[in-house]
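Below you'll find the structure, written out as structure tokens, and then a few comments.
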2 protein chains.
Amino acid sequence: MGTVRQSTVSAPAPAGEDPRDRILAAAGQEFAERGYEAATVRDICLAAGVNVAAVNYYFGDKKRLYIESVKHAHELRVKQVPLPEWPGDRPADERLHDFIDNLLERMLGFGQPPWQVRLMLREVLQPTDACRELVEDYMRPHFALLVSILDDLCDGRLPESELRRVAMSIIGQCFLYRAAGDVVGMLVPQRELESLHTPARLADHVTRFTLAALGVSPPMGSPAFSSSRPPTRTPR
Amino acid sequence: MGTVRQSTVSAPAPAGEDPRDRILAAAGQEFAERGYEAATVRDICLAAGVNVAAVNYYFGDKKRLYIESVKHAHELRVKQVPLPEWPGDRPADERLHDFIDNLLERMLGFGQPPWQVRLMLREVLQPTDACRELVEDYMRPHFALLVSILDDLCDGRLPESELRRVAMSIIGQCFLYRAAGDVVGMLVPQRELESLHTPARLADHVTRFTLAALGVSPPMGSPAFSSSRPPTRTPR
DNA sequence: AGTTGATTGAAACAACTGTTTGAATCCCTC
DNA sequence: GAGGGATTCAAACAGTTGTTTCAATCAACT
């Protein structure tokens, strides 16, 4: 009784930090896994190791807790995988490869649990109030960067609108593996999944595909290309 | 009192057909819009113009109603937009364009309400029991067809695994507009959306992009190509 | 120590969920 | 027209939901 530490008998939570942060973390995972409606305040509080009343005490509302969770996940993810930066002389095709690699790494993430991405995916699929902010702060700069790389790549030969559509083509290729990963897994043989569907391999494929489409490198089927090295060495 | 017709005062439903079918239709829309958890049996029954007990009477369960709804939506969609078929001599590049056009038409659908697609999208994103069937009956044949077109297109120069990845690149480009349409709409100027983001225009873009990547037609930026006609006339 | 304000806790609240009940009603056959 | 199975209905059920309550506890300052 003398010790100040919480009893260990019923503390399933990492009772280290601020209860507010614990709730935020637990809520993010729960919302990401089950969705807004199916996730219950009680389960979140259980996972966070706090009382049910804590949610309303700290956030006022389930809805406001949700919005805070999305923002929190977003900020966390930006810190984990920041936008790439290059020295001024790095060629555009290598910048494109880096960008795609970065995008896939962030979307498919390897070591880290991708619950933040799952949460954001729900927002992309069916935007709520939390989404507009997400787009403006986070996606628009990324998108603008990609468009500028593409512009450099085919130095001004394509109008802005076409560049945007090409950018969408790139994002779409990456997005599929994140959003429909389970179905992709059903359509592709197991061993192929393991060997070819890693973030790095996919980045190589998407980059080659795009550079070929833009005429920057030879087309995919061309003999000089089959199984040659990808157009850039990735310095990760 | 003599008339057999239901009173018109509280019949918000198209009380034409089988109550079972009415429930199925209402459930599909409700599930598509709000998701499984958020959609309530009461709302579905209200929309269908039947009593709450009818769901359990006809389907036994909310979960079984959901599965039946997904299957129903899928069958309905297959009838609405069937797989394209071609005479034996239609060139591969035109078949590719038709396929992509068909895919986008089914995904983005114009006149018809796309609630069936929304419902299936939920399954793709987070598969339930209803999904495996969906993939086997519906998506795998489509995917195989696409791969075979691609194989014809670059007559055997690419291995099967590469063809599959190219197929994924195509599907991904189309999928983005369906799944993340709202975000796309935030990133692209309004007038560009209206003029360039119709199913037909997008099909042209994706086809050109893919054919260029495969080296079947000149790359996107090439002077001979800017604003030339798309590689195939669409005989829709 | 004593007081004050912030935090936590167990319990209860009202509203809503999916599901069940049993009587009323319909529709068809004899 | 009577009988009988299928269908519909209003009402109630038990369980869960988000939220509130108010007393107990904690931490810090005088």
Side-chain angles (χ1 to χ4, degrees), chain A residues 1-28 30-31 33-70 128-129, chain B residues 1-28 30-31 33-70 128-129:
Chain A
M1 281 49 171
T3 67
V4 191
R5 285 209 174 282
Q6 266 184 265
S7 77
T8 59
V9 298
S10 67
E17 335 152 56
D18 209 346
R20 213 191 112 101
D21 289 342
R22 288 213 311 265
I23 296 175
L24 226 39
E30 213 69 21
F31 283 136
E33 211 141 307
R34 311 191 199 278
Y36 177 77
E37 311 282 344
T40 77
V41 174
R42 279 178 170 80
D43 285 348
I44 291 172
C45 290
L46 187 74
V50 302
N51 192 268
V52 245
V55 160
N56 302 75
Y57 180 76
Y58 283 105
F59 298 92
D61 224 50
K62 185 190 179 182
K63 184 161 281 172
R64 258 169 297 177
L65 169 61
Y66 174 76
I67 294 181
E68 289 302 315
S69 299
V70 174
T128 73
D129 301 335
Chain B
M1 281 41 175
T3 66
V4 191
R5 284 208 174 283
Q6 267 184 267
S7 78
T8 58
V9 299
S10 68
E17 335 153 54
D18 210 346
R20 215 191 110 100
D21 289 342
R22 289 214 310 266
I23 296 175
L24 225 40
E30 213 72 19
F31 282 135
E33 211 142 307
R34 310 191 200 276
Y36 177 77
E37 310 283 344
T40 77
V41 174
R42 277 177 170 82
D43 285 347
I44 292 172
C45 290
L46 186 74
V50 301
N51 191 269
V52 244
V55 159
N56 302 77
Y57 181 77
Y58 283 105
F59 298 92
D61 225 50
K62 185 190 179 183
K63 184 160 283 173
R64 258 170 297 178
L65 169 61
Y66 174 75
I67 294 181
E68 289 301 314
S69 298
V70 174
T128 73
D129 300 336

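Residue numbers begin at 1 in each chain, while the letters A, B, ... track the order of the sequences. Keep in mind it's a predicted model, so treat the numbers as computed, not measured.
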Assuming nearest nucleotide by heavy-atom distance, tell me which of Ala38(A) and Pro19(B) is located more 5' along DNA chain D. Pro19(B)
Might you confirm whether atom CD of Glu33(B) has over 12 heavy atoms from other residues, nucleotides or ligands at distances under 6.0 Å? no
Describe the nucleic acid contact of Ala54(B) in one word from base, sugar-phosphate, nothing, applying a heavy-atom distance below 4.0 Å. nothing
Between the two ends of the helix from dA1(C)-dT30(D) to dC27(C)-dG4(D), what is the bend in degrees, rounded to 10 degrees, where each end axis spans five pairs? 0°
For [X] and [N], what is the distance between atoms [atom1] and [atom2] respectively, to the nearest whole Å?
X        : N       : atom1 : atom2 : value
Ile44(A) : dT19(D) : CD1   : C1'   : 14 Å
Tyr58(B) : dT7(D)  : OH    : C1'   : 6 Å
Asp18(A) : dA6(C)  : CG    : P     : 16 Å
Lys62(A) : dT20(D) : NZ    : P     : 14 Å
Glu37(B) : dG18(D) : CD    : P     : 11 Å
Asn51(B) : dC9(D)  : CG    : P     : 6 Å
Phe31(B) : dG18(C) : CZ    : C1'   : 11 Å
Leu46(B) : dA10(D) : CG    : C1'   : 15 Å

Could you tell me whether the side chain of [Y] reaches within less than 4.5 Å of the side chain of [X], counting heavy atoms only?
X        : Y        : answer
Asn51(B) : Tyr57(B) : no
Tyr36(A) : Lys63(A) : yes
Leu24(A) : Tyr58(A) : no
Leu65(A) : Phe31(A) : yes

Closest approach to the side chain of [X], judged atom by atom: which nucleotide of [options] is it?
X        : options                   : result
Ala53(B) : dG18(D), dA10(C), dA10(D) : dA10(D)
Tyr57(B) : dT19(D), dT19(C), dT8(D)  : dT8(D)
Arg42(A) : dT19(C), dT8(C), dT19(D)  : dT19(D)

What's the separation between atom CZ in Arg42(A) and atom CD in Glu30(A), rounded to the nearest 0.5 Å? 14.0 Å
Spacing of Glu37(B) atom CD and Thr40(A) atom OG1 [to the nearest 0.5 Å]: 11.0 Å
